[in-house]
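Only a predicted model underlies this, so the values are computations on that prediction, with no experimental measurement involved. Heavy atoms only: backbone and side chains are in, while hydrogens, waters and symmetry mates are out. Proteins get letters first, then strands, A, B, ... in listed order; numbering begins at 1 in each.
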Amino acid sequence: QQQVKQSPQSLIVQKGGISIINCAYENTAFDYFPWYQQFPGKGPALLIAIRPDVSEKKEGRFTISFNKSAKQFSLHIMDSQPGDSATYFCAARNTNAGKSTFGDGTTLTVKP
Amino acid sequence: NAGVMQNPRHLVRRRGQEARLRCSPMKGHSHVYWYRQLPEEGLKFMVYLQKENIIDESGMPKERFSAEFPKEGPSILRIQQVVRGDSAAYFCASTITGNTGELFFGEGSRLTVL
């Protein structure tokens, strides 16, 4: 049973465009929803995160939109840049249970 | 460097040998998580440990795999009698407490089984 489903698997965007990655979860006990960015050969690093008491969080060019009733959340990257080319993972965590469950990742390529 | 330290970064083993992967969490962090990443796939949870305790090992294969986090020293992920299917990147992450959100990841240990 895959608890966090992520789409698309890969995404190609022109420089300056908007990149949108979507995730859906099943477990209503999840209470923390982060997005991680991973460059080749490196470990994942936290990009931005949201808790279910808000519907949107913005940090610079990165925005998380959260729909609690639909059990979905998405990452929007505005004004996408070639340096944003990486693999992005959504995750969900029940902070009382410890572990985080990850989506399968989206490989983003931003063309110059 | 106060980040999560993993070693070795690259490890090559022949089938049947043992692999030991080490992880030193960030300073002040007492919770460690191990994840496995197969090529072109996501991060799969393996085990969650506190000092001297295994909290959740629901993602660990039942045989050949074990993990520990002793009172002193790094956390160790041990794979006995490795097979080709064990070839993957193994990531360690740490947190200050078990109920804080952010995981801090190391750069991973890439195991290749010949």
Side-chain angles (χ1 to χ4, degrees), chain A residues 1-10 21 23-25 27 29-54 57 59 64 66 73 86-109, chain B residues 1 3-7 9-10 21 23-26 29-51 53-60 67 69 88-110 112:
Chain A
Q1 181 192 18
Q2 187 173 5
Q3 293 197 54
V4 179
K5 293 185 179 179
Q6 183 173 346
S7 63
Q9 189 173 15
S10 62
I21 305 171
C23 280
Y25 65 96
N27 188 344
F30 290 144
D31 59 358
Y32 178 74
F33 301 88
W35 285 88
Y36 287 83
Q37 181 187 56
Q38 184 181 31
F39 292 105
K42 301 293 186 182
L46 180 68
L47 188 63
I48 186 172
I50 198 168
R51 293 193 184 271
D53 52 345
V54 297
K57 183 174 182 180
E59 292 183 1
I64 298 180
F66 186 82
F73 59 109
T87 299
Y88 292 81
F89 293 97
C90 63
R93 181 170 182 177
N94 175 353
T95 52
N96 290 320
K99 71 182 182 186
S100 294
T101 300
F102 285 78
D104 283 343
T106 297
T107 301
L108 171 65
T109 302
Chain B
N1 187 343
V4 177
M5 302 300 294
Q6 289 189 247
N7 66 82
R9 292 292 313 280
H10 300 276
L21 311 177
C23 169
S24 296
M26 284 183 71
H29 288 195
S30 59
H31 296 251
V32 165
Y33 308 77
W34 286 93
Y35 285 82
R36 179 164 63 177
Q37 185 176 35
L38 293 168
E40 308 300 325
E41 292 191 12
L43 294 150
K44 303 302 181 189
F45 169 77
M46 298 183 74
V47 62
Y48 163 33
L49 310 106
Q50 281 181 268
K51 289 277 189 181
N53 283 308
I54 297 175
I55 307 301
D56 182 351
E57 56 181 349
S58 59
M60 287 278 272
F69 189 14
Y90 292 84
F91 289 95
C92 168
S94 71
T95 57
I96 293 177
T97 66
N99 58 4
T100 53
E102 180 179 359
L103 295 174
F104 292 85
F105 281 88
E107 302 234 303
S109 291
R110 282 152 183 83
T112 301

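Here the closest heavy-atom approach between residue A/Lys99 and residue B/Ser58 is recorded as NZ-OG, 3.2 Å. For the pair A/Tyr32 and B/Glu102, the tightest heavy-atom approach, listed with the atom from each and the gap, is OH-N, 3.5 Å.
Rounded to the nearest 0.5 Å, atoms CZ (B/Phe105) and CG (A/Leu46) are 10.0 Å apart. The distance from atom CZ of B/Phe91 to atom CZ of A/Phe102, rounded to the nearest 0.5 Å, is 10.5 Å. A distance of 4.0 Å separates OH of A/Tyr36 from CG of B/Leu103, quoted to the nearest 0.5 Å. How far CD of B/Glu107 is from CD of A/Gln38: 10.0 Å, rounded to the nearest 0.5 Å.
Every residue meeting the salt bridge (Lys or Arg N to Asp or Glu O under 4.0 Å) condition with A/Lys57, not counting sequence neighbours, appears here in chain and number order: A/Glu59. Residues passing the salt bridge (Lys or Arg N to Asp or Glu O under 4.0 Å) test with B/Glu57, sequence neighbours excluded: none.
Contact of B/Tyr35 with chain A is made through the side chain alone, with heavy-atom distances under 4.5 Å. Neither the backbone nor the side chain of B/Gln6 comes within less than 4.5 Å of any heavy atom in chain A. Contact of B/Ile55 with chain A is not made at all, since no heavy-atom distance falls under 4.5 Å.
The environment of NZ in B/Lys51 is crowded: more than 12 heavy-atom neighbours from other residues, nucleotides or ligands sit within 6.0 Å.
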